[in-house]
Amino acid sequence: MSSVSRLMTRIDTNGSLRRLQRADLPVNTVALARYLLGKVIVHDTANGRLSGRIVETEAYPVGDAAGHAFRGRTPRNGSLFLERGHAYVYLVYGASFLLNVSSEKAGVGAGVLLRAIEPLDGIELLDGTLRANRRADAGRGPGRLTKALKVDLRHDGLDLCSASSSLWLAASARKVGRIGRSVRIGLTYEADRVLRFYERGSAYISGPRSLLGE
DNA sequence: TATGCGATATTCT
DNA sequence: GAATATCGCATAG
């Protein structure tokens with residue numbers, strides 16, 4: 001029998017979560033990238049709530065050659081041009097979905113990539129190697145983050161600030177610590193811009209240790 | 001710990 | 001046909 005045992009983390013947020021309103025979000029990509037640290041991303045599914053505390057983000061501001069919106073609006077990147085607070089989800093390398101939050105006024109293309117979460121409610125850790133079972137790994141890295149939250153292309157374009165959305169943002173359950181910054185990860189263009197933000201000391205962030213400490 | 005590689009799907013040239 | 005905002009495994013030091 002293929003006994004795929006599962007570990008479930010149940011760290012209740014105790015219903016203490018408050019939905020963020022659009023008015024809460026800064027109308028600026030870099031400001032939003034910092035603002036989102038410590039906030040909670042929530043996905044309410046038929047099988048319960050999945051959530052995590054955001055500990056790492058990257059900004060892809062207006063005019064950034066590394067941003068998908070740089071070459072103008074296409075069917076794929078259209079969500080980046082929605083009013084701030086909408087989800088932009090796409091597939092990279094044929095393997096991983098990445099979740100972004102649109103970050104400017106309607107018609108302006110820019111976004112914030114969510115790179116890592118600290119697991120809160122319902123995050124499932126598939127039994128595999130010891131490595132994959134570590135709780136800290138479940139939401140570390142943008143591809144793992146979407147996997148942990150069960151987010152995919154169906155969520156592209158959703159309004160994260162709508163009162164009825166199943167995917168939404170919540171105010172901090174716990175205050176964010178000191179914020180560190182570094183260059184973004186995995187880029188070829190604009191690789192030297194310091195637009196990655198993370199909670200210093202968090203055990204849940206991605207990337208090489210060499211980027212820590214600023 | 002650090003680097004390198006292949007897998008994989010969609011978009012754009 | 002090339003490029004890609006990644007991941008996991010492999011190998012080397």
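All values below were derived from every heavy atom in this structure, side-chain atoms included, with hydrogens, water molecules and symmetry-related copies excluded. Here is the naming used below: chain letters follow the sequence lines, and residue numbers restart at 1 for every chain. If you're wondering where the values come from, they're calculated on a predicted model, not measured in any experiment.
Put simply, Arg209(A) has no side-chain N or O that comes within less than 4.0 Å of OP1 or OP2 on dA2(B). Remark: Arg144(A) is in phosphate contact with dG8(C), judged by side-chain N or O atoms under 4.0 Å from OP1 or OP2. For the OP1/OP2 pair of dT11(B) and a distance below 4.0 Å, the side-chain nitrogens and oxygens of Thr74(A) include no atom meeting the criterion.
dC12(B) atom P lies 15 Å from atom CZ of Phe70(A), rounded to whole Å. In this structure, the CG atom of Leu98(A) is 15 Å from the P atom of dT10(B), given to the nearest Å. One interatomic measurement links the two molecules: CZ of Arg140(A) to P of dA5(C), which rounds to 22 Å at whole-angstrom precision. Going from atom CG of Leu91(A) over to atom C1' of dT4(C) covers 10 Å, rounded to whole Å. dC12(B) atom P lies 13 Å from atom OH of Tyr90(A), rounded to whole Å. Note: OH (Tyr189(A)) to P (dA5(C)) measures 9 Å, nearest angstrom. Distance Arg73(A) CZ to dT11(B) C1': 17 Å, rounded to the nearest Å. dT11(B) atom P lies 14 Å from atom CG of Leu80(A), rounded to whole Å.
Side-chain atoms of Lys39(A) come within 3.5 Å of backbone N or O of Tyr35(A) as a donor-acceptor pair. Of the possible polar contacts, none joining the Ser182(A) side chain to the Arg196(A) backbone as a donor-acceptor pair under 3.5 Å is found.
Base engagement by Asn100(A) is indicated by at least one non-hydrogen atom pair under 4.0 Å involving a base atom. Residue contacts shown for Arg115(A) are limited to sugar-phosphate atoms, with no base heavy atom under 4.0 Å away.
Of the candidate nucleotides dA5(C), dT11(B), dT13(B), dA5(C) has the atom nearest to the side chain of His68(A). Ranking dA5(C), dT6(C), dG8(C) by closeness to the Ser96(A) side chain, first place goes to dT6(C).
Applying the ring-ring contact (aromatic ring centres under 6.0 Å, His included) test to Tyr204(A) and every residue at least two apart in sequence or in another chain returns nothing.
Between Ala110(A) and Ala69(A) the shortest heavy-atom distance is N-CB, 4.3 Å.
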When you compare the protein's N or O atoms with those of nucleotides 11-13 of chain C, which come within less than 3.5 Å of each other, and at what distance?
none

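Geometrically, Arg154(A) does not engage Phe97(A) in a cation-pi contact defined by less than 6.0 Å to the ring centre and at most 45° from the axis.
Here the NZ-CD distance, from Lys105(A) to Glu83(A), works out to 11.0 Å after rounding to the nearest 0.5 Å. The distance from the CG atom of Leu167(A) to the CG atom of Leu99(A) is 6.0 Å, given to the nearest 0.5 Å. Once rounded to the nearest 0.5 Å, the distance linking NE2 of His43(A) with NE2 of His155(A) reads 3.0 Å.
In DNA chain C, stems built from 3 or more consecutive Watson-Crick or G-U wobble pairs, each with both distances under 3.5 Å, span B:1-7 with C:6-12, B:9-12 with C:1-4.
Of the listed residues (Arg181(A), Arg115(A), Arg144(A)), just one forms a salt bridge (charged side-chain N to carboxylate O under 4.0 Å, His left out) with Glu56(A), and that residue is Arg115(A).
Side chains of Tyr189(A) and Asp64(A) form no contact here, defined as non-hydrogen atoms less than 4.5 Å apart.
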